[in-house]
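Here's the structure we're looking at; comments come further down.
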Amino acid sequence: MTGHPPKKPPILELRNVGKTYQVKQGLFGKARPLTAVNDVSLSLSRGEVLGLVGESGCGKSTLAKILLGLEAPTTGQVLVDGQEIGDQDRLSLARRIQPIFQDPYSSLNPRKSIFDIVSLPLRVHGIGDRTQWEKQVREILDIVGLPARVMNTYPSQMSGGQRQRVAIARALIMKPEIVICDEPTSALDVSVQSQILNLLGELRREFGLTYLFISHDLAVVEHLASRVAVMYLGRIVEEADVAGLFDHARHPYTQALLQSVLTPEPGLGVPDTQLGMAYPNPIDPPSGCRFHPRCPLATDHCKSHAPRPIRTEQGLVECHLYDPESQMYKNEAA
Amino acid sequence: MEKPLLSVRNLTIDIPVGGGTLHAVRGIDFDLNRGETLCIVGESGSGKSLTSLAVMGLLSKTIRRTADRMDFDGTDLTRATPRTMRALRGARMAMIFQEPMTSLNPAYTIGDQLTEALLLHKPVGREAARARAIELLEKVGITAAESRLSQYPHQLSGGLRQRVMIAMALMCEPELIIADEPTTALDVTIQAQILRLLYDLGREMNMAMILITHDLGVVARVADKVAVMYAGELVETGPAAEVFNMPSHPYTRGLLRCIPLPGKTERGSKLGTIPGIVPSLVGDVQGCAFRTRCSYAEAACHGDIPRQGSGGHAFRCIHEDGNRHFEEAIA
Amino acid sequence: MAHTNINDPLLQEITGPTPGQMLRRRILGHQGLLIGAVVMAILLIVAIFAPLLAPHDPYAQSLMHRMEPPVFLGGTWDHPLGTDHLGRDYLSRLIYGARVSLMIGTIAALISGVIGTAMGVAAGYFGGRVDMVVTFLINVRLAMPVVLVALAVVAIMGGSLQVVIAVLGLLLWDRFAVVMRASTLQVRRREYVAAAQAIGASTPRVILSEMMPNIANNLIVVVTLEMAHAILLEAALSFLGLGVQPPTPSWGLMVSEGKNMMLFEPWLVLIPGAVLFLLVLAINLMGDGLRDVTAPENRS
């Protein structure tokens, strides 16, 4: 399942996508640019699960909004099946890409019944009539494991796990090809989280879905993803297939992230990641390699020169340690 | 054996609600020695946070708390006056909350808030308190500690604020620290740092610590003792290594199966689940609360549940070893 | 499906009340709201059925029966609340006056509600420039003293029911705009709004169908506040002679007409004053009640 032929045409492709906001500080402050997403290129082929990991403020949620067409990228292109999303109308894009959000308490309208919520896509797109909506809602609820009688209930009457199932039903009722899962289980209890993860896995197999799975929980990403991209301050710093990334992480940031995963194994203690503590302010990103202030392996070269993406046999990594040219420079300096 | 610092017997918490009484916590017992870390782990609604608030005497007035014993180093907390509790809190027992932003007062500087408790509880002067604040900020790994004293909470990042909260809790050198989900709101790399810091400080200052969390990974790495709570009951308790290596209550085992284990769980395979939902705790609650979700449930689970186990490792289940041997045989 | 299975764990949980049921329960448990609603309903019925309820023509003068006292001060049942200085039946004028007060309150609150809601929602939803413009307009409006502006306009245009309604409607939208802007900002960040947008729902649909039901409760509260506000302002303007013009029966005007006689016949002022007080109190009780009753869902 993890192996996938690389030559399949990508169903979703990001080419040098960037998003810059103008942030005003104070009432009379001058607006300053905040680069939330910086020159990101990614591609997803049909049926794969790309895990996107990173800490809060790294730009992963902004990226999700761009993919959903909720934000326009400042630079670059997003292509779905080779077509740029800016050229497609909102409705046809919505038919292909659907989101599942993090917080099932905020993603369902409290004033609407479950039927109204799940059938909204059909109603917005003017597909079928009321009897067909009911039939389809019934079907999709069954698929996500909810009985049909929840149709007349309201979100406030449900538990977190049930709400998340409703959110999944809403996302899938129009049979999209791509689902953007933005931390879909981080607001749920452990025992519910595994149910939702199992469900997402089953649905992917059954409907041939492609997932972009955004999460900060590396254990979950490792379990579900076939490929993983690690994001730091708006940039993808490493990308590899899941085995490569988890077994041979290259970027020092990825290594630190992996070390920070606390598995339920007693006696191992809490790891010392040796990261400086402060996540940098995205308005004032560090010079050179953006990770250098926290990197235990940083050199003077890292402070002044931004690393370029290096392609290795297992994927991409953006670090001077793996750049033969930077290594040459280092040797000369030594 | 030394006398435990905190000893709780038959702690019960009832909350009056619209349709009756919510039996949020029902008869839990635990002991905590000096220098020891107890992790109370459970899902939302298990009563773990209420338990910690009950020990601190911070439950709201409408909530009823009863206990056969709640002894903190010779002080009977069940009979303690609000005045006694105030003197204990901050000075001898301190609390760290999940969201540092809501527990720090945005209108006061870090320095003011750090020194406040010390000036209140100990006969020290302003200068000495300030010096102590700087010392502790450095100890929790905050650089430029002196200049931080004049900063306001909003000027700090989430990780830094949580460090400030820890420093604040440590100001009076408490003997007991209760941390309620102290790292849940933080990023993974920061979480590891904060936990490590708490762990090291606990060792260094010989503090007892109660860590409330839902994250079994956190528990496994920092706990000396574990207490697993489900629907207001303590279903299993014992030394961390024993609980994790020989989980005896079906709920504990179910929880452990739910999380993917890097390197152990096959990628993409089906994870274990606990079917069903937490039962309502309003009204008459009898028998094992987990029976509605337990695959070994039988008629006897409606009755009194015996406490089993040897030494420090105990659990509540009618089945011998909670049918662990059964699952091991299958595996 | 028809038979409920008690062991079904899903059923055990989905048995809580629907939001509608919870709302009903809270409404019936709120005394202030119920009292306010009952008083409002009575006054509304009185206003609507004024021609049937009034014992006399409110405009019919009778110089023979001037200044007759109400029954409780020794008057006759022919004029239960007495007559005014022109011999008009006070009860009938009071009943017709309810029409004026309620009409002004309702229409002015409606006009300002539409203006303020549109501005507030637009500012909250679109943000940026739109928000800047709306915030500026709100500040401009807040800098104007309502009574003075109303006085000036009425003084220039002449006082009449229409002018008073128009002036109040165009002046009282500020609170609507402020409240709706804030609640829109709050709701806009909810993920169900993003979900609706990601489905491809149009902006009007997102605002009207997804967001409005969640912010409308705030609107109801402001409507009641502004209704009371408008009714009091109308009374004040009429009292000053710049509102509704005689002989139209208006409570404010009745107080004004009675003020000359206040020392000798205080009931001339006290009766319209009391019903005005009662109406505004009822409206405010309702508003407060509605806020209490609808807020809990907002919080969760």
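All values below come from the heavy atoms of this structure, side chains included, with hydrogens, waters and symmetry mates left out.
E265(A) contributes atom CD, which lies 10.0 Å from atom CG of N245(B) (distance to the nearest 0.5 angstrom). Within the model, atoms CG of L224(A) and CG of L271(B) stand 8.5 Å from one another, a figure rounded to the nearest 0.5 Å. The NZ atom of K270(B) lies 11.5 Å from the CG atom of L197(A); values are rounded to the nearest 0.5 Å.
Looking only at side-chain heavy atoms (C-beta outward), P264(A) and I259(B) come within less than 4.5 Å of each other. Counting heavy atoms from C-beta outward, H223(A) and E266(B) have side chains that stay 4.5 Å or more apart. Side chains of T263(A) and R221(B) form a contact here, defined as non-hydrogen atoms less than 4.5 Å apart. Looking at L262(A) and D215(B), their side chains never come closer than 4.5 Å, going by heavy atoms from C-beta outward. When side chains are defined from C-beta on, Q193(B) does not count as touching S260(A), because their heavy atoms never get closer than 4.5 Å. Within the 4.5 Å cutoff, side-chain heavy atoms of S191(A) are placed close to those of E43(B).
Of the atoms belonging to Q191(B), it is side-chain heavy atoms, and not backbone ones, that fall under 4.5 Å from chain A. Looking at I194(B), there are no atoms closer than 4.5 Å to chain A (heavy atoms on both sides), in backbone or side chain. Of the two parts of R257(B), neither the backbone nor the side chain holds a non-hydrogen atom closer than 4.5 Å to a non-hydrogen atom of chain A. I274(B) touches chain A through backbone and side chain together, each having a heavy atom under 4.5 Å away. Residue V219(B) does not touch chain A at all, counting heavy-atom pairs closer than 4.5 Å. The contact between D272(A) and chain B is made by backbone and side chain atoms together, counting heavy-atom distances below 4.5 Å. With a 4.5 Å cut-off on non-hydrogen atoms, Q259(A) does not touch chain B at all.
Counting heavy-atom pairs closer than 4.5 Å to chain A, the top residue among L216(B), T273(B), T189(B) is T189(B). Contact count against chain A (heavy-atom pairs under 4.5 Å) is highest for S44(B) among S44(B), A240(B), A241(B), G272(B). In terms of heavy-atom pairs under 4.5 Å with chain B, the best-connected choice from P271(A), G267(A), G54(A), A256(A) is P271(A).
Although no hydrogens or angles enter the test, the distance criterion places no donor-acceptor pair under 3.5 Å between the side chain of D187(B) and the main chain of E55(A).
The shortest non-hydrogen separation linking V270(A) to R196(B) is O-NH1, 2.6 Å.
For E146(B), the CD atom counts as loosely surrounded, since its 6.0 Å shell holds 12 or fewer non-hydrogen atoms of other residues, nucleotides or ligands.
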